[in-house]
Amino acid sequence: EVQLQASGGGSVQAGGRLRLSCAASGLPFDEYVIGWFRQATGKEREGVSSISRSDGSTYYADSVKGRFTISSDNAVRTVYLQMDNLKPEDTAVYYCAASLGDPVPEQYFNVAEYYTYWGHGTQVTVSS
């Protein structure tokens, strides 16, 4: 059974930082893509970032470039999303997802349908 466990959310003030973790287990292959998505109340889900295990390629949404950094520790099958200089508009539930289509083409990294497996979300709240 594939499981993706997202953690690390919380409440911070604008300008603060958080690090989200996504622990993956049960994936049938060693090559996969992990993507981070977020959904704010009343808004559509947005792809934030992705990392491909096969070649380490990373992609970011324009809204988070320069502030968020995605990384992975393959030994423990965990992907991290370091979020710095957080803004109130970053407030959302953050989800991690996995795709076996590795590496992910750039035009698909933020497309939810590209990902097969989804974890439960973790809430991030940024106050002004």
Give the minimum heavy-atom separation between S127 and P88, together with the two atoms involved. C-CG, 4.5 Å
For atom OH of Y80, decide whether the heavy atoms of other residues, nucleotides or ligands shown that lie under 6.0 angstrom number more than 12. yes
Interatomic distance, CE@M83 vs OG@S49, rounded to 0.5 Å, equals 11.5 Å
Polar side-chain atom of Y114 near backbone of G101 as donor-acceptor pair, under 3.5 Å: yes
Going by an N to O cut-off under 4.0 Å, is there a salt bridge joining E46 and R38? yes
So, does T122 use its side chain to make a donor-acceptor pair with the main chain of Y94 at under 3.5 Å? no
Verify, without hydrogens or angle tests, whether S52 (side chain) and V104 (backbone) share a donor-acceptor contact under 3.5 angstrom. yes
Taking atom CD of Q107 as the centre, does the number of heavy atoms from other residues, nucleotides or ligands within less than 6.0 Å exceed 12? yes
Would you mind reporting whether Q5 and Q3 have side-chain heavy atoms less than 4.5 Å apart? no
Flag if over 12 foreign heavy atoms under 6.0 Å of CD, Q13: no
Look at the side chain of N85 and the backbone N and O of R67, then say whether any donor-acceptor pair between them is shorter than 3.5 Å. no
Please find the pair of heavy atoms, one from S21 and one from T78, that lie closest to each other, and give the distance. CB-CG2, 4.2 Å
I'd like to check the ring-ring contact (aromatic ring centres under 6.0 Å, His included) partners of Y115; sequence neighbours left out, ordered by chain and number. F37
Do K65 and D62 sit within salt-bridge range, that is, some charged N less than 4.0 Å from a carboxylate O? yes
How close do S50 and F109 get, heavy atom to heavy atom, and via which atoms? OG-CB, 3.3 Å
Mind checking whether V33 and Y117 sit in one hydrophobic cluster, side chains of I, L, V, M, F, W, Y counted as touching below 4.5 Å? no
With the 4.5 Å side-chain cut-off for hydrophobic clustering, are W118 and L100 part of the same group? no
Rounding to 0.5 Å, atoms CD1 (I34) and OG1 (T58) come to a distance of 14.0 Å
Do F68 and W36 share a hydrophobic cluster, counting only Ile, Leu, Val, Met, Phe, Trp and Tyr and linking them when any side-chain heavy atoms are less than 4.5 Å apart? yes
Of all the heavy-atom pairs spanning Q123 and A92, show the shortest one and how long it is. NE2-O, 3.4 Å
Should Y59 and I70 count as side-chain neighbours, where that means a heavy-atom distance under 4.5 Å? no
Lys/Arg-Asp/Glu bridge criterion (N-O < 4.0 Å) met for R19, D84: no
Of the non-hydrogen atoms in L4 and A98, which two are nearest, and what is the gap between them? CD1-N, 3.6 Å
pair N74-D30: side-chain heavy atoms closer than 4.5 Å: no
Is it true that V93 and L81 fall in one hydrophobic cluster, defined by side-chain heavy atoms closer than 4.5 Å? no
R77 versus L27: any side-chain heavy-atom pair under 4.5 Å? yes
Considering only residues two or more places apart or on different chains, which pairs with a residue in residues 55-128 satisfy disulfide (SG to SG under 2.5 Å)? C22-C96
Any chance you could measure R53, atom CZ, to S99, atom OG, to the nearest 0.5 Å? 14.5 Å
L86 with Y95, same ILVMFWY side-chain cluster at under 4.5 Å: no
Note, L20 side chain near V124 side chain (heavy atom, < 4.5 Å): yes
Scanning both residues in full, the closest heavy-atom pair of K43 with Q39 reads O-NE2, 3.1 Å
